[in-house]
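Down below is the structure, laid out as structure tokens.
All residue numbers in this chain count up from 1 along the given sequence.
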Amino acid sequence: MLRSLWSFLKRHKKKCLVLGTFLGGVYLLGKYGQKKIREIQEREAAEYIAQARRQYHFESNQRTCNMTVLSMLPTLRDALMHQLNSESLTSLLKNRPANKLEIWEDLKIISFTRSVAAVYSTCMLVVLLRVQLNIIGGYIYLDNAALCKNGTTPLAPPEVQQQYLSSIQHLLGDGLTELITIVKQAVHKVFGSISLKHTLSLLELEQKLKDIRKVVEHKDSDQISSYSPLCHYLMPDEENPLATQACGLTERDITTIKLLNETRDMLESPDFSTVLSTCLNRGFSRLLDNMAEFFRPTEQDLSQNGSVYSLSSVSLPLAKIIPIINGQIHSVCSETPSHFVQDLLMMEQVKDFAANVYEAFSTPQQLEK
């Protein structure tokens, strides 16, 4: 049996060698294929885990954004009420002073200025914090994604994060003061000559608010700018205190300046301008919705108009509108999630913009910049 098998192999030596080589090649190719498939599967699994981890970190970061906005609204509200103290004027009116009409005129300007500035500053706070926390969130993700295991210097150490995020104080301080000044001038231009006895419908009030926005946002200007004129109130000019100290800057200062410059670039982008404008549209629309509760027709109005109600059906004297608009700051700047704030936080445009910012700053390519 063995002799016949040996004879067969000798007679078909070449064929057997070819067959053996082929089978060996198939075996090795199979092993190589299995190895490559395993590597691809492991790489895909690693990429999926990394993507899931980044998505989880992003969603956690957005919750932090929302909580930060809500926590800062009382500070914003207090700053507005301190600079636009209508309560002192209403107290004076209770004593029936001789200059009653003059005080009412002041109250008219301050009340509208306060609520309009509240809408502007709240929208700005929401969008600015989305930018800042997603930029720093991207850097933190890179720091946490095993990039520092080999002794690499963190991209955003805690002291840099604190220094960078403290720049929000400009909006709550000097930026807010400048915004109030501009808004007050616009309110005076639109409402200054209107008598307290003059009646306005909700539709007419909406147009007055649009007129104020045109002045504040320079919409009547012939100058075309690629970014929103409101950016000036969000961050200090580039000649900030850190940048002027060219000598003796620490590495932390240099990193902070880099973050601030990246933020400024983002604020001057067309996307930011579009998102902020969308937020302002929603904000002023919600303000009017709140005001609409006080413009509901009485049963007598409905009977006279045949139960037909429109935005121009009911008109109120400006003197009655003033206390209504004056109280809107408590809804606009409410730390408890009001409809106004919830609308802004949940807007799809804001979420998409936040995702784009986070994506831009949470990729390893950011290291090469």
Rounded to the nearest 0.5 Å, what separates atom CG in L230 from atom CG in L280? 6.5 Å
Distance, nearest 0.5 Å, that separates OH of Y139 from OG of S362: 11.0 Å
With a 4.5 Å heavy-atom cut-off, do V127 and L267 have their side chains touching? no
Side-chain heavy atoms of I135 within contact of Y358, under 4.5 Å: no
Run the side chain to side chain contact (heavy atoms under 4.5 Å, CB included) check on M72 and V69 step by step: do they pass? CA-CA 5 Å; M72 297 187 75; V69 169; over 6 Å; no
Would you please test L125 and L73 for side chain to side chain contact (heavy atoms under 4.5 Å, CB included) and show each step? CA-CA 9 Å; L125 183 67; L73 284 175; 4.0 Å; yes
Non-neighbouring partners of I182 that pass side chain to side chain contact (heavy atoms under 4.5 Å, CB included), sequence neighbours left out: Q185, V216, Y233
Just by distance, with hydrogens left out, do Q163 and T256 show a side-chain donor and acceptor under 3.5 Å apart? yes
Check the pair F340 / F284 against ring pair (Phe, Tyr, Trp, His ring centres under 6.0 Å), numbers first and verdict last. CA-CA 9 Å; F340 185 93; F284 279 103; 8.6 Å; no
Does I194 offer a backbone N or O that forms a donor-acceptor pair with the side chain of K108 under 3.5 Å? yes
Keeping S277 on the side-chain end and T274 on the backbone end, is there a donor-acceptor pair under 3.5 Å? no
Option from I329, L172, V332 for which side-chain contact (heavy atoms from CB on, under 4.5 Å) with L80 holds: I329
Flag yes if M67 and V341 sit in one hydrophobic cluster, no otherwise; membership is Ile, Leu, Val, Met, Phe, Trp, Tyr, and two members link when side-chain heavy atoms are under 4.5 Å apart. no
Less than 4.5 Å apart, any side-chain heavy atom of L344 and any of V350? no
Check step by step if side-chain hydrogen bond (donor to acceptor under 3.5 Å, both in side chains) holds for D253 and T250. CA-CA 5 Å; D253 294 334; T250 65; 3.1 Å; yes
Judged by atom type as modelled, is there a donor-acceptor pair below 3.5 Å linking the side chain of N134 to the main-chain atoms of R130? yes
Carefully, step by step, assess M266 and F361 under the rule side chain to side chain contact (heavy atoms under 4.5 Å, CB included). CA-CA 11 Å; M266 194 62 66; F361 289 91; 3.5 Å; yes
Under 3.5 Å donor-acceptor, K100 side chain and L93 backbone: no
Nearest 0.5 Å please: distance from the CZ atom of F353 over to the SG atom of C279. 10.0 Å
Looking only at non-hydrogen atoms, find the nearest pair between E204 and T199 and report the distance. OE1-O, 3.8 Å
Taking it one step at a time, do K184 and L84 satisfy side chain to side chain contact (heavy atoms under 4.5 Å, CB included)? CA-CA 10 Å; K184 184 182 282 189; L84 297 163; 4.0 Å; yes
I need the minimum non-hydrogen distance between E217 and P229, along with the two atoms involved. O-CG, 3.5 Å
Which atom pair, heavy atoms only, marks the closest approach of S86 to L107? CB-CD1, 3.7 Å
Go through the side-chain N and O atoms of R63 and N66 and say whether any donor and acceptor fall under 3.5 Å apart. no
Check whether S115 reaches the backbone of I325 with its side chain - one donor and one acceptor, N or O, closer than 3.5 Å. yes
Using a 4.5 Å cut-off on heavy atoms from C-beta on, say whether the side chain of L196 contacts that of P317. no
N61 side chain vs L133 backbone, donor-acceptor pair below 3.5 Å: yes
Side chains of S195 and L318: does their closest heavy-atom pair fall under 4.5 Å? no
Do NZ/NE/NH1/NH2 and the carboxylate oxygens of R296 and E293 come within less than 4.0 Å? yes
Give the ring-plane orientation class for F112 versus F191, where under 30° counts as parallel, over 60° as perpendicular and anything between as tilted. parallel
In chain order, what residues pass the salt bridge (charged side-chain N to carboxylate O under 4.0 Å, His left out) check against R77, with sequence neighbours excluded? E335
Short side-chain donor-acceptor distance under 3.5 Å, E262 and Y164: no
Decide whether D78 and T75 meet the rule of one side-chain donor and one side-chain acceptor closer than 3.5 Å. no
Is there a donor-acceptor contact under 3.5 Å from the side chain of S285 to the main chain of N281? no
Check: L165 and Q162 side chains under 4.5 Å, non-hydrogen atoms: no
H170 atom NE2: more than 12 heavy-atom contacts under 6.0 Å: yes
Main chain of Q328, side chain of S331: is a donor-acceptor contact present, judged purely on distance under 3.5 Å? no
Separation of I321 CD1 from L200 CG (nearest 0.5 Å): 4.5 Å
State, with a plain yes or no, whether a side-chain heavy atom of C231 is found less than 4.5 Å away from one of F272. yes
Determine the minimum heavy-atom distance between T113 and I180, stating which atoms define it. CG2-O, 4.0 Å
Between the main-chain N or O of T68 and the side-chain N or O of S71, is there a donor-acceptor pair closer than 3.5 Å? yes
Report the residues that fulfil side chain to side chain donor-acceptor pair (under 3.5 Å) with Q169, sequence neighbours left out, ordered by chain and then residue number. none
Are any of the side-chain heavy atoms of I322 and S111 separated by less than 4.5 Å? yes
Inter-residue atom distance E159.CD - T255.OG1, 0.5 Å rounding: 9.0 Å
Which atom of P97 lies closest to which atom of I103, heavy atoms considered: CG-CD1, 3.5 Å
Enter the distance from L209:CG to R213:CZ here, rounded to the nearest 0.5 Å. 9.5 Å
Can you tell me if CD on E178 sees more than 12 non-hydrogen neighbours from other groups inside 6.0 Å? yes
Does a donor on one side chain sit under 3.5 Å from an acceptor on the other, for Q132 and T263? no
Treating T64 as the side-chain partner and S60 as the backbone partner, does any N or O pair qualify as donor plus acceptor under 3.5 Å? yes
Please find the pair of heavy atoms, one from L76 and one from C333, that lie closest to each other, and give the distance. CD2-SG, 4.3 Å
Electrostatic pair R114-E87, nearest N-O below 4.0 angstrom: yes
